[in-house]
Every structure is written in C-alpha cells, then in structure tokens.
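The figures that follow rest on heavy atoms only: side chains count, while hydrogens, waters and symmetry mates do not. Each chain gets a letter, A, B and so on, in the order the sequences are listed, and its residues count up from 1.
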Amino acid sequence: MAPEADTDIARLAAGVRRGSIIAAAGCGKTEQIARAVGVSEHRRLILTHTHAGVDALTRRLKKLQIPSGKYRIDTIAGWCLRFAASFPQRSGILSTAPSSTAEWDAVYAAGACLLDSGAVDGVINSSYGGCFVDEYQDCTLQQHEVIRRLANHLPTCVFGDPLQAIFDFRGQTPVSWEKDVFPNFGQAAELTTPWRWKNAGNEDLAEWLRAVRLALQKDEILDLSNRPNCVTWTALPADPRHQQATVVRQCLESMRDDLLGNLIVIGDSTSENRRSALAQKLAQQGFVNIEAVGCKTLFAAARAIDESVGQARFKMLLAFAAKCMTGADKAELQRAVDARQQGRRLGQAKFGDLLQLTDAVIQDGGNASMLAFLQALRDRPGVRIYRREMYFAMQSALQTTTKTHPPSVHASIWEVQNRSRHAGRRLGIRSIGSTLLVKGLEFDRAIVTSTDAMNGKDWYVALTRATKTIGIISPSVRFTPAA
Amino acid sequence: MRIVYLEVQNFRGIKSLVWAPAAGMNCLIGPGDSTKTTILDAIELCLNPRSYSFADDCDFFDLDIEKPLRITVTLAGLPGDFKAEDRYGLHLRGWNQAATKIEDEPGAGLEDALSITVVIDQSLEARWSIHNDRIDAIDKDPPAVRYKDTKRMGTNRLGPYAERHLGWGRTSVLTRIGEAGEGYSLQLAEAGRAARTAFKAGDQGIFKKAVDRAEELSKLFAVPVRGKFTAELDVQGVSITSGGIALHDGNLPLRRLGTGSSRLLVSALQHDAGPPHIAIVDEIEHGLEPHRVARLLKYLKTPKDGEGTVQPQMFVTTHSPVVIRELTASDIFAVRSSAGVTTVASVSGLARDLDTAQRHLRGTPEAFLARKVLVGEGRTEQGLMRGLDGWWHTSGRDSFALLGAVPIDGGGKDKAPLIAEHLRDLGYEVWLLLDSDKPPNAEALRRATDKGAAVWQWPDNCSTEQRLFLDLPWAGVRALIALAIECVGQDSVIAVLDNALNAADLPTVSAAKLGPERDTVDLRRLIGKVANEKSWFKDISRGEGLASVVGPHLANVAATPLAQGLEAMRTWVDGS
C-alpha cells in the first residue's frame, strides 16, 4: 500500500465537517475508516448497516490497534432504536421491538424526531466528536434523514459507492446520491486504487475492473473482449431451455480449479426458484444456496405448516423438505403415507421406520415430531441438502420453544433468522447466490450468469466479488447493461 | 454538579419531603426536630454509595420497616463525560429550573440532569441506582453509578468535629488534594515491614516460655514444625492504613487544635480541594466566635479561583443569629415538620418584598430561629412584649425563650402585616399586635389572617401608648409619665404636655399637678396621643421599661382592653 496517500485520505475524512468519500469496490474503504478513527482527536461514532459490517470494522480497528475508547460502532438501526427507545417521549417511538419495514421506518422517524427535539444535544456532544457512516449507498431515505440530523451536531463523513447501490428494499426508497447525498455531504475524495486485487497479485484484473468501472459510470457498453486472462467468457444460448445446462457445465468445469479457493456462482437475482433449481442439479457436487434472511420459501412453508393439521400438515412439511434436499422421494413417500393411513402396507419395505415417524406428525403435529421426521429423512442414504441454510433454519426453529400460543413455527423462524442476521453466515467452498446476497462478500473465484434484468450496478457488484478468476456467461461479448 | 431536587421517603423523621434547593448556599433553619440534620444525612447517604450496609431499624420513619426508605437526589451541572451515552447519557432527565420541576426526559430549554436513588428495605441492605421512569418501566436491575464516578459525586461533610479530615483517611479532604493517593501505599507497606523488623530485633525473652511450650506440644502431636517458633508482629495485627497518617505541626498532631480552629482549617481545605464538591456543614457556627463565623461564611460563598462565578453548593444548618445576619434571604430556608411531612420554604422565594425580608433578617435574625413570632407593629410594641416577658419571668412564669417565642419589630402599620404573612408562609406561628389609630395595610392584614396569623388590634382607634394611658390605674399613668421623663428628660416632657393641654384649654402640668382629681378619659387620651407622637417609648429598651410599669398593674385592670390583649398574647405564647 501507499501509506502517505492513505494517511492523507484518513486525515481528510477525520477533518471534514460534512463530506462524502466515494470508494470503489476493494479500494480499502474499511481500512481508511479505521485509520481516520485513529487520527481523529475525539471519539467517533461509526455507523453501518449490517452486523457483518460492524464485525468487519471492529476487526480492522483492532488490527490497527486503535484504542476502543476512540470509537463506538453500531448499525444505524441499532443506534436509532437504542436512542429513540431511551427517550420515548421525545422521540415518539411506538414500537421498541420493530419487525416490519413500516415499524423500522417509524423507528428512524423517531430517531430523527429525537435529534430535532434538542433532548439529546448534551448526550451526543458529550459522547462523540464526529461521525462516520459506512456503505452509505445502502441507506434508505429514512436513515439518511437521521444521519443528516446527526451531522448538525457532529462533523460527519459518509463512505459509499453509488455503483454498488443495489436493493431489495420492498417499497422503501433508497437514498439518491445526486439528490440526497451530495447536497448534504459534498464529495471530499474518491478511493480508486483497487488494493484487493493488487494485494492478491492480480494486477491485470485490478486494471481491467478499473476500466469496467469507468465504462459503467458513464453508462457505456460493457466490452468483455479486452478481458485479461483470468477472466473467461462463455456464450449463453438464446433458448432458455438450454441455458441451465450451459451454466451447469461451467460450474462442473470450475471444479478443476478448486485449489484456487472458494467459488461463488452469481445467478438470477430475480428468481429464488431458478437459483435453487441450479443448486438442486449440482447438489451432488456440494453446491449450496445462499439464502436471504427473509427467504420467501422458508416463511411460506412455515406459515403453511402453522395453518394446517394432520395429514395436510405432514404434506406441507414434506413439501418443504423436498425443497431443501435431493433424494427425498417426495411422491413415493407421500403415496406410502397415504396408504399407511388407510391401513395398507405400500412402501413399508422402502421407508420402514420413517413411516412410524410420519404417524406422530399426523397425529400430534408437534415440533418434536416434525423435527424427528425431518432429521430421519435427511439421514436416509442418497439424500443431499442443497438449500442448507433454509433447512437448518427450520431445524433450529423446531427446536425453539416459542412463547406464542398456539406455538407458531413462523414466529420461531422469525426469531431464528433474526439471530442469524446477527451471527453472520459461514460459506462453503461452492455457493450459489445473487448480486444482492453476495454484496460486500469476497471470494476467490466467481461465475457470473447474465440475465436481462442486470443493470450496471449489478454487473459492477458481480464482477468485483472474486480476487482470482471470473467466468462470465452472457449472450454476447459486448452488451449494454439494463438501465 | 449541584443538587436541583431532593425527594425523601420514610427516612428517620421524614415521612416525605420534596425540595428544590438553591444552586449556592442552602442554610436550613427551624426549630428542633424539624428534621434539618436528617435532610443533610439524606443527601449524604444518597450521594456516597458504599459497599457495606450500615442502616438500622431506627432509620425507618416511625420504625416501620415495612415501608422502604427511599432517597432520590437529582443532579444538574453534570460533567461532560457523565453525559456520554456509554455512561449515563441514555438515562438523563430534564430539569426545568423556572418551574422547579423534573421532566423524565431531557429536552430543549431543560438542563440535563441525573437522578440517583438509594433504597433500603427491611433487609437493611442499601441499593444505589440511577433512577428515572423509563428504567422503572423495565423490570430489571437498574443501572448503577460506577465506583469511580461516585467519588466525584460524593459530598464533603463537616460535622461538629473535624479531626478525621486532618488525616489521610478514606473520605478525608486531604486525600482529595494532590496525588498523594498513589504515592503513599508503598510507603505504608514499607513502614509496616519496618515495624515488624523493629519488633523482631527487640527482646524475644518475654515470649520465650510460651513459644517453647507451643513448639514442644506441636512436636508431641505431630503438627509439623518447619523452622522454629517465634513471636512476631502479625501482618494483620499491624495494619498501618492511610487513616494513620495525619497532619502535624512540628510533632503535634493538628487534631489537637481547638474545635473551631480545626473546623475552620478543614472547611477551608474542603473549599479549596480539587473540583468543587457539594459541601454539607452541621451547625456551621459550632466552636466559632461570631467574627470567625462571618469570615468563614464569606470565604465559603466566594467562588473558587478559576471556577468562574459558580458558587459551590452548600447545605448548612444553623442555630445562630450571627450566621443568619451574614447571609442573604435567598440563602435561608425554613424547615418545618408536621406529621412526618417535612417542608422546606425559601425565605426569599416567599417574600413579597425582598427588601423587607432582607432588612428583617438582619434586624431580628433570632425571629427566624424561633417557633412562634410576636410581631409588634413598631418598636414600642416589641419593647412592651419583651419587657412583659421579663416581668412575667421574674414572677415565675415560663420565659418566651423557653416557649420558643420571640417578639419582633414589624416596622410600622403597613409592613407589619406583610411580615406576619411572610412568616406564616415560612411556617412560623404568628401573633400580630396592631395599633388602631391609623388603619393598617388592610390587604396584607387580610392575607395574614387568612393564612392563620393571630391578630390583636386595640379597640377605640387608639395607639398602644393611648391604650396604656387609658387603661392603667392613675398611679400607673403617673408612673408612665415618670418613665417618659426618665427617657426624654423633664423639660421636654413638661413642655410638650403643657403645649398640648394649653391647646385643649386645660390647665397645664406646670400650673396644676396631675393629681387623681384630674383623671378623665379625655386627659388620658390626650397624654397617650402626646406619648405616641413624641415617640416617648418608641425604642426597645424604653418599651421594656413600659413593661415594668404595666406588669404590676395588669391584675388590677383585668377587664380593660389592655389587660385582655396582653393576656391573649400570654395565652397564645403559652399555647401548645
């Protein structure tokens, strides 16, 4: 690294009254924030979006041996909730245990209201000498309003990259860099040196990604023909029926280079089903889906189980299991269970003891019975789980005793997913995800599958995940990303 | 830091108390058992958390251990680091100085404040915590003040005896000055070791018999003996602690100073030491001559060098008129306790006319130390009442002092009712004696009466002097004139009397002696008017002289308004 230049940026960030620093992927943003905290005179409040982000920043600050008294790291959500809930009259907070998007928006509004009230001026000024906000592109407008008010009290520098602003906000409005950020936080600097690839000795990829970024920033066409050697291209057939086979072939081929490190397959952002279908095809090879915390399939299954009893409940449970694993023999098992309920012995030989476990599910439908069945099914020879996260979330949920009456699997799932949101995830050697799911993560190798919906930001995030090799599967070598 | 609000429940003589003290001096006055010292104890208990329990059943109001005692102190003027979010920032409350009211959350126009509570229940275990309604709403262990911070909140208390502050004990003021704290631990440890060595070097022969026997028996019972038994100072036996270090003047420990001197020195040290602490002083005048009290008060009220104009907050009790005279009305608070409910009223806060209150405080500070106040309209009345007290006392009745009553000068017909009202507001029992020759301040009189002041006004539109001349037997009238001659001189008295008699077409005194044959109501009224107008008796000592004339005659004129009025006063003073 070039220490002098870095210190300059850190000093700039620490000294700016209100400003923003644009940071391209892999350009040492975390490092700069940590250094800026180091050179700040007073304690800094550092806000980010996810617990994984908090962990990453904390680790970096520890690594640079910055005294913990010099900073306080939190998520915007956590900080806002803590302050708003501490002064409910001034913030007007309604729910101190928010779950829905609307409830969270109310928390941010309460935080902004609290900051406006003047009630916490003393606390803020006594607690911090300045504020840094990381991953600003992920802010919603509501969060932006909170930060804007904080900046009235504290010198504030926000870090982010408009080109990595991809969302799944479901009705929330993301912050606009031009309309919202720059008018409040003028651009102070831009980090453009791609340290991640330089440090990995992949100078070629570093330079190519720099060029890709420039092109995407200007909405120019993406030209893969000038790619370096570590980037390969494969044509994606126009006929949708043949597309999956091409992707599968590339995935299988990639296994030759396993020694280079872990692999991410970046698939269709818009379709959870299509990604899981791919994982199902590759289950034998140990490809595993990364799931969103708010995984639709999982929550839908939980609700379906909650809403049914007896044979119907068993059917829902089996349907869920079949979505997590190959070799569940769903149809055959269902027939055997139906026969058994009518007193016939169909399938007895094949499924044996498993059928006794289905009796319990149908008769009492309790969490323990469902758990026993799921585990027995998983342990059958030839079964492979490819939606690992989804399966284990259900398993944990069934082990959790909820306080709700009647016991609700849906509520337990919610609890479990919330916990995993804090804990972060462990990734296997071969994962399948979407740009949204892999944003902020780092891999050795990537296979990027083009879809029509991918815009420039999706492409930028997809192409900047791997440090060593990238395989691109797209209809053509030169194309214009979606708007 | 300063206390802006104090709430006490079920602590010793206080069943309940809420009070917003002043930012600077809070001098508490009030009769015995009005719980003044308990208020100081409550503040000290709440702001000085400690790890050991020391309460007993007597600390509960009415000894009712079922009702936990609870003291809450709300502090403002907090240091910045107290307000940080990872300290007490999220537990702050808002103090509204104008309305003297706590709001549970801070806000614009409010001062950031922090409430500390101590609760003791029948387990006698004291629990200190941070308090606000939000914490109470959550059912869990309330957050506590960090040990390090309690030292900064802690109060400086100067009790009747100050010796402990002249050493380096745990809560001594000397410990707060400088960095001695870090330095002396090693020195103490070394002193301890030296003591053991010195002891070892001494005569072991004294212990020999016992030591040898113990060793023999050990061997007999197979208790292993590693070396040889000796008698030495036990490490625990010679614990030389910081409390053992004391200030000396030459070889003489300073604690040998007189009470007053050591208290003076210590309060000066406390005032001077480190960041300002809330100071608590019991009986500030204790052991001090008036001029030294005055000097001390002046010093304590002066802001410390470099602390701007912020006067340190002080809680003081006193029974001394000297102290009251040296302070201003805003420094003084009257404490009253009734059925366990203690009230603290600001002398200045309740005054309609601050100047009068102030003048009054300077003029008759002893009134503020009494339970009952006899407000005379002027000095004549004050003097008469004082004199009667003396006369009654010599005739074997209880003195006013014993009964907690003090006669004061009301300063005229307009001011006297105002003072009566003010004193009532402050919780004193008041008996007001008024002339009726000119109408008094009617509005103030009505308010004073409404507030419970007893009022006696002479009938028949006459001044006190006229009442005296009207109601005393003729011999008394002559004695009064003799007294006037004593006070203002024969020539003057005769001149003014002759003048007045002449004007009324009556024979002058010079022409005809005032024999019993001249006793008429008109003449009595006329002489009384002259006495009043010429201020024969408008002076405390002259008024006192009146009493020696009036007293012996009272029984003989029991049916007169004069005797009835004075008897009413006596009955009121004797009261309950």
Side-chain angles (χ1 to χ4, degrees), chain A residues 40-47 54 58 67-76 78-97 107 110-131 146 149-150 152-154 403, chain B residues 1-2 4-5 74-99 101-116 129-146 148-149 152-153 275 310:
Chain A
S40 291
E41 261 182 63
H42 303 287
R43 181 150 60 150
R44 283 274 167 174
L45 172 64
I46 311 171
L47 295 175
V54 170
T58 311
S68 63
K70 289 200 77 172
Y71 55 88
R72 164 95 203 199
I73 309 185
D74 211 335
T75 60
I76 300 175
W79 188 89
C80 237
L81 183 58
R82 197 152 42 86
F83 268 72
S86 291
F87 304 102
Q89 288 173 39
R90 308 291 180 211
S91 67
I93 192 169
L94 298 170
S95 165
T96 52
V107 168
C113 178
L114 178 68
L115 288 166
D116 279 341
S117 76
V120 288
D121 294 8
V123 182
I124 300 276
N125 292 323
S126 304
S127 302
Y128 328 108
C131 176
V146 174
R149 282 163 173 82
L150 261 178
N152 291 337
H153 296 282
L154 303 170
K403 293 176 193 83
Chain B
M1 259 180 292
R2 65 176 207 279
V4 292
Y5 208 64
T74 301
L75 298 162
L78 304 168
D81 56 335
F82 271 41
K83 293 197 249 178
E85 64 145 326
D86 51 357
R87 294 285 266 290
Y88 316 114
L90 299 185
H91 303 307
L92 291 185
R93 308 174 92 188
W95 172 245
N96 185 337
Q97 181 67 52
K101 189 168 160 279
I102 298 171
E103 295 193 23
D104 201 57
E105 297 177 21
L110 302 178
E111 197 175 347
D112 288 338
L114 183 68
S115 296
I116 315 288
S129 63
I130 299 191
H131 166 81
N132 61 44
D133 297 348
R134 292 107 72 198
I135 295 172
D136 288 0
I138 309 165
D139 187 26
K140 63 170 185 187
D141 274 352
V145 178
R146 308 201 314 193
K148 233 169 93 184
D149 296 336
R152 289 160 67 192
M153 281 177 355
V310 182

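Side-chain contact check for A/F87 versus B/L90: some heavy-atom pair is nearer than 4.5 Å.
Minimum interatomic distance between B/D112 and A/V123 (heavy atoms only, all atoms of both residues): OD2-N, 4.5 Å. Contact detail for A/S126 and B/K83: the closest heavy-atom pair is OG-CB, 3.3 Å.
Heavy-atom pairs under 4.5 Å with chain A peak, among B/A108, B/P79, B/P106, at B/P106.
For the atom pair NE2 of B/H91 and OG of A/S86, the computed distance is 7.0 Å after rounding to the nearest 0.5 Å. Between the CD atom of A/Q89 and the CD atom of B/E103 there is a distance of 7.5 Å, given to the nearest 0.5 Å. Atoms CD and CZ, on B/E105 and A/R90 in that order, are 6.0 Å from each other to the nearest 0.5 Å.
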Take A/R43 and B/D86, measure what side chain to side chain contact (heavy atoms under 4.5 Å, CB included) needs, and give me the verdict at the end. CA-CA 12 Å; A/R43 181 150 60 150; B/D86 51 357; 2.8 Å; yes
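Heavy atoms of B/L110 lying under 4.5 Å from chain A belong exclusively to its side chain.
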